[in-house]
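Numbered from 1 within each chain, the chains take letters A, B, ... in sequence-line order. Basis for what follows: all heavy atoms, side chains included, without hydrogens, waters or symmetry-related copies.
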Amino acid sequence: MVAGVDVSYATQGDALVAAAVVLDAETLETVEVRVVEGTATFPYVPGLLAFRELPSVMAALEQLTRTPDLLVCDGYGLAHPRRAGLAVHLGVLTGLPCFGVAKTPFVFGHRDVGEERGAAAPLTSDDGEVVGRALRTQPGVKPVFVSVGHAIGLDHACAHTLRLARRYRLPETTRAADHLSREHLRTLTR
DNA sequence: GCGACAG
DNA sequence: ATCTTGTCGC
Ligand SMILES: [Mg+2]
């Protein structure tokens, strides 16, 4: 069981909606969905995203009737200035294996990535440590950035990412959580 | 000292 | 993240 989490924010005011979606890792079938309405209590500050998004994400996860075996975050884990991105926080808070899949670069660069699906290049710090991996999930489409959160290795995190992103650039977990939180927020704003 | 900066 | 109109490619 793999869970994806994400948060949507209202333009007016501080309302937000967090979503947790559990998918069967094999079939990608939706097993359970949870949405939580909340309020933003922390601003967006690059490097401190966990403090803005995780309170409501934790609330949504606590509503699940089944504990997932793996968590997938929308953002970074170890590939963070302090090696403490939201995927690391969420893994420690829950005690569950967790990794992050980010959509855009943050602070670490990488060599060119081949154009084929599965092509990859390490994200490295100035002193050469590998903190993540740029991974092409669809041929000819921008790569995603995978990094370890907690209790999982980078190879396994990338393998899961590829299995969860067979048709689209982003993992189905992230797509489902993003869609659910966005739609629920819309019902509040309209 | 200045610029860059996940979502 | 959210807003917003058009454009490009499969
Ligand atoms: Mg997000």
Set of ring pair (Phe, Tyr, Trp, His ring centres under 6.0 Å) partners for A:Phe99, sequence neighbours left out: none
Side-chain atoms of residues 12-32 of chain A: list all donor-acceptor pairs with protein atoms under 3.5 Å, sequence neighbours left out, distances to 0.1 Å.
from, atom 1, to, atom 2, distance (Å)
A:Asp24, OD1, A:Glu26, N, 2.8
A:Asp24, OD1, A:Thr27, N, 3.2
A:Thr27, OG1, A:Glu29, N, 3.1
A:Glu32, OE1, A:Thr65, N, 3.2
A:Glu32, OE1, A:Thr65, OG1, 3.1
A:Glu32, OE2, A:Arg34, NE, 3.3
A:Glu32, OE2, A:Thr65, N, 3.0
A:Glu32, OE2, A:Thr65, OG1, 3.3

Are A:Phe106 and A:Leu49 joined in one hydrophobic group, where the rule is that I, L, V, M, F, W and Y side chains link up if heavy atoms are under 4.5 Å apart? no
How far apart are the closest heavy atoms of A:Ser147 and A:Leu154, and which atoms are they? CA-CD1, 4.3 Å
Could you go through residues 132-140 of chain A and list every donor-acceptor pair under 3.5 Å that involves a side-chain atom there, pairing it with any protein atom two or more places apart or in another chain?
from, atom 1, to, atom 2, distance (Å)
A:Arg133, NH1, A:Asp155, OD1, 3.3
A:Arg133, NH2, A:Asp155, OD1, 2.8
A:Arg136, NE, A:Gly114, O, 2.9
A:Arg136, NH1, A:Val141, O, 2.9
A:Arg136, NH2, A:Val113, O, 2.7
A:Arg136, NH2, A:Gly114, O, 3.1
A:Arg136, NH2, A:Glu115, OE2, 3.2
A:Thr137, OG1, A:Arg169, O, 2.7
A:Gln138, NE2, A:Ala165, O, 2.9
A:Gln138, NE2, A:Arg166, O, 3.2
A:Gln138, NE2, A:Tyr168, O, 3.2

Side chains of A:Arg163 and A:His160: do they bring a donor and an acceptor to under 3.5 Å? yes
Helical stems, DNA chain C - three or more consecutive Watson-Crick or G-U wobble pairs below 3.5 Å: none
Could you run through nucleotides 3-10 of chain C and give me one letter per nucleotide, 5' to 3': B if any protein heavy atom sits under 4.0 Å from the base, S if only the sugar-phosphate is that close, - if neither? S-------
Letter per nucleotide, 5' to 3', of nucleotides 2-7 of chain B [B base touched, S only sugar-phosphate touched, - untouched; heavy atoms, 4.0 Å]: ---BBB
Run the ring pair (Phe, Tyr, Trp, His ring centres under 6.0 Å) test against A:His110 and tell me which residues pass, sequence neighbours left out. A:Phe145
Same apolar cluster (I L V M F W Y, side chains within < 4.5 Å links), A:Leu164/A:Leu180: no
For A:Phe108, give me all partners under ring pair (Phe, Tyr, Trp, His ring centres under 6.0 Å), at least two apart in sequence or on another chain. none
With a 4.0 Å limit, can you tell me whether A:Ser8 has a side-chain N or O closer than that to the phosphate oxygens OP1/OP2 of C:dA1? no
Once rounded to the nearest 0.5 Å, what's the spacing between atom CG of A:Leu93 and atom CG of A:Leu61? 10.0 Å
Residues 171-180 of chain A vs side-chain hydrogen bond (donor to acceptor under 3.5 Å, both in side chains), sequence neighbours excluded, gives A:Asp178-A:Arg182
Which helical stems does DNA chain B take part in, if a stem means at least 3 consecutive Watson-Crick or G-U pairs with both distances below 3.5 Å? none
Would A:Met1 and A:Leu96 show up in the same hydrophobic cluster when neighbours are defined by side-chain heavy atoms closer than 4.5 Å? yes
Atom-pair distance (CD on A:Glu183; P on C:dA1), nearest Å: 15 Å
Over all heavy atoms of both residues, which pair between A:Gly100 and A:Ala87 is shortest? Give the atoms and the distance, please. N-CB, 3.6 Å
Using atom types as modelled, flag every donor-acceptor pair under 3.5 Å from a side chain in residues 51-60 of chain A to any protein atom, sequence neighbours excluded.
from, atom 1, to, atom 2, distance (Å)
A:Arg52, NH1, A:Phe42, O, 2.8
A:Glu53, OE2, A:Tyr9, OH, 2.9
A:Ser56, OG, A:Glu53, O, 3.2

Name every residue in residues 114-140 of chain A that has at least one heavy atom under 4.0 Å from any atom of DNA chain B, in order of residue number, or write none if there are no such residues. none
Does A:His80 use its side chain to pair, donor to acceptor, with the backbone of A:Gly47 at less than 3.5 Å? yes
